[in-house]
Amino acid sequence: MRVIIRETALEASEYIADYIISRIKAFKPTEDQPFVLGLPTGSSPEVIYKTLVQRHRAGEISFRNVVTFNMDEYVGLPRDHPQSYHSFMYKHFFSHIDISPQNINILDGNASDLAAECASFEAKIARCGGIELFLGGVGPDGHIAFNEPGSSLSSRTRVKTLAYDTILANSRFFGGDVDKVPRMSLTVGIQTIMEAREVVIVATGAHKALAVEKGLEGGVNHMWTLSALQLHQHPLIVCDRDATLELKVKTVRYFEAIEQSGTDARTQGPPLVYRPRTYVPAPMGASKTNQQPTPASTPPRVPKDLRINTQLNQTLDDEELTPDSMSSRMVDSAISGLDSTLKGDLMFDRMGTRVISH
Amino acid sequence: MPGKTATPPRITKFTNCRIIRGNQLVEQDVWIDSLSGKILRDQEAFYELHMSPDEVLDLGGRILAPGLIDVQLNGAQGFDFSVPKSSKEEYDEGLRMVNKGLAKTGVTSYLPTVVSSTPEVYWKVLPSLGPSGAKHRAEDGAESLGAHVEGPFISPGRNGIHKTDVLRAAKSFEDVVGCYGKENMFGPSKTVRMITAAPEVGSMVNNIPNLTAQDIIYSIGHSDATYEQAMSATKQGATMITHLFNAMRPFYHRNPGVFGLLGQNEHRRPFYGVIADGIHLHPTSIRIAYNAHPNGLILVTDAMKLCGLPDGVYDWTNGERIVKTGARLTLEGSDKIAGSSATLIECVNNFRRWSGASTAEALNAATATPARLLGLEGVKGTLDCDADADLVVLTDAPDPYSGPTLTIDQVWKRGVKIYDAEKEATNSRV
């Protein structure tokens, strides 16, 4: 887990905007190999979009070869209703950038067959070779996308009933009338998000502090769906100071120390690899076919492992860059004596390795 | 030469611009479609039809406003709507020239106004002045929304410079129809959109319902009406006052006259035209009227053909002559004001300076408010989706002598750019 802490919400948002721009640029997307970006709605992302639009206007970044997938949409709300997520995305982002409308994918909450709509959304993601970077917000109850507390951590895109809390919170966008808030939504699942090569979460404001604490310091738990990211290989959480209020001082200092020692998350994303646009039914397994040179002699017969991977797990294709764990480095670190205590139970190993290897 | 010019981009997006929303300027993009000539429902086009702009214009914070609407304009470019030519072709040719010239001043639609004349003149000129409607092409320039006939049923004592010989009084509705010509008042050939007449002359008050039944706006003007007479005209359906204060019984505290309509609450307060050229009215008079009824103020130029011509003595209608001294026009041998030679955008600037109205409010007085009077809400005078894409791009820059001043940079008609001040300047330099 990488965590970046900034003093204000604006700085946190700008950090993410910078990060996304650097990732798209490093990817060097082309028409045939677009950068696939997952996008959220909400008040925290709004500032990110604003920054991205400014950068676009300044000529720093083009979205011409970017394909986007949005996380969620209300069910039954007209597409051009001012509160629909279509409208949100159009108003705050799409209408200001050079993305082509064909490259935009938002769930259709008015589809006649919602289940089919969800399945085709997953298929579209797969056809694009999966999502490169999924940007998300987090709810005060720890939800990511509309995966309310209690959502299955292996869920995929589906119809989801909104939690009462969410309906109450969103009623402010519907003239304070709880009855006008749609009761259902379409949303990507936790598993859909987990399959993105990289997940970036923005959490700003004191009301997000508990969610951040549960997601970071608590165990993996479906009541705080943010915590599922603990199992992801490349999560990045960017908070403002207020959102860290519930974290242990030690946790905060730890992440800050990582950044201060010169690790810049902007150079730390997973390797950017273009994944071929072939239709693979979800869940997706990356295939690895390396052409071997023809051996000089007939190789000795080796008994084959005939077991089938029934778990359909991701292969080790995307594994860690550095195999060693943080605790192994900590013996020599300033926190001497802690290493034995920490050994094996601190989950933040990957970042520690970066401190040294950078 | 047709076919030689490159086809204009279909969808244009204006960005980094300020547009009018109510009484404020807000930053918002506007998409227009040159094919339909309308302002696009951009979000729908984007998601549904996968349209994206062919051209993006960064206006650098300038103002994008609806094209201006002038409901009282007697002529321009040396052409007078009230003077028939030897043939209809010659008259139409002059009209085309006016339309092109007007568009450069930011006026994209207007009511060509004919002053008091003999019936023969009306029968000749009105058929050319009707609304251009759907057959209007962008390159034609400004578009007529129908004719405004000012007179001849007006008060001989409040005639302004209208010739008294041709004034008449209508005893019945037939007299009105006979004067303008039946085909100009009824059916698909209808050309008259607005009539200025004095309610107290003849039995005009009783004719008002007949006029409004034909969807013709009745405007009180050139009138000696008392407050009571003006009220009864409003009750009958008068919805407009032609150039408030000018050519009417002045405000008197025991009988406020036509001006009193702006203070009453019995009937709907009428719209009223104001000539903010600095000659016709004192700035404070405009301010008083505006404070009394801000939503009804419509800026008009009442400009005539001499607009833009050098100083001197010029022939006018009915054999009379007009002296032009700068912006001031007077009838020869008197000091009666004979219309103005100001442009509508100058009037907007004056009005903004004098009244304390916001930029949006001042522009509304020449766009949204006249559109409301003409029943064209949502079609003209607005940048809402599905409205006609008649636009002006304005710079709001301080002028060393007169303070903040709006100037016309570009004019778009039905989704096509027809004037660009920048290009014009380059061309004239070459």
Side-chain angles (χ1 to χ4, degrees), chain A residues 31 34 39 41 46 49-70 72-74 77-111 117 120-121 124 186, chain B residues 9-22 24-36 38-66 378 382-387 389 391 393 395 409 412 415:
Chain A
E31 207 179 328
L39 293 173
T41 53
E46 198 179 313
Y49 292 139
K50 208 171 172 182
T51 313
L52 286 173
V53 168
Q54 278 167 6
R55 299 287 156 85
H56 169 68
R57 286 199 176 136
E60 285 175 39
I61 180 76
S62 164
F63 295 90
R64 185 135 300 278
N65 296 317
V66 173
V67 170
T68 65
F69 284 91
N70 261 82
D72 40 20
E73 176 59 289
Y74 289 115
L77 200 62
R79 188 191 57 203
D80 298 319
H81 186 282
Q83 291 306 330
S84 79
Y85 290 169
H86 276 85
S87 297
F88 178 97
M89 290 309 296
Y90 183 76
K91 188 173 161 208
H92 294 289
F93 195 44
F94 294 148
S95 68
H96 308 295
I97 59 171
D98 60 347
I99 192 164
S100 93
Q102 293 88 332
N103 286 354
I104 291 168
N105 299 283
I106 307 183
L107 286 153
D108 176 8
N110 295 300
E117 169 68 14
S120 96
F121 196 72
K124 269 190 247 169
L186 299 183
Chain B
R10 171 157 180 209
I11 294 170
T12 307
K13 177 174 101 167
F14 296 91
T15 189
N16 195 8
C17 54
R18 292 176 293 157
I19 71 164
I20 301 167
R21 270 267 168 279
Q24 277 168 338
L25 290 174
V26 297
E27 215 168 282
Q28 196 188 310
D29 292 352
V30 174
W31 297 41
I32 58 170
D33 184 348
S34 68
L35 202 67
S36 67
K38 304 269 183 201
I39 292 169
L40 260 185
R41 280 178 187 280
D42 49 339
Q43 186 180 327
E44 216 171 284
F46 185 79
Y47 284 129
E48 184 88 41
L49 309 170
H50 286 180
M51 281 180 179
S52 44
D54 302 314
E55 188 186 23
V56 178
L57 290 178
D58 187 332
L59 294 184
R62 284 182 286 177
I63 296 167
L64 184 68
T382 174
L383 296 187
D384 287 350
C385 300
D386 296 336
L391 317 164
V393 176
T395 301
D409 285 352
W412 293 67

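It should be emphasised that the depicted structure is a prediction, and the values quoted were computed from it without experimental measurement.
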Is it the backbone or the side chain of B/D42 that comes under 4.5 Å from a heavy atom of chain A, or both, or neither? both

Given heavy-atom pairs under 4.5 angstrom as the criterion, report whether the side chain, backbone, both or neither of A/R57 touches chain B. side chain

Heavy-atom cut-off 4.5 Å, strictly under: side chain, backbone, both or neither for B/E48 against chain A? both

Can you pull out the residues in residues 85-100 of chain A with any heavy atom less than 4.5 Å from chain B? A/H86, A/S87, A/M89, A/Y90, A/F94, A/S95, A/H96, A/I99

Distance in Å, B/Y47 OH paired with A/D80 CG, rounded so as to fall on 0.5 Å steps: 8.5 Å

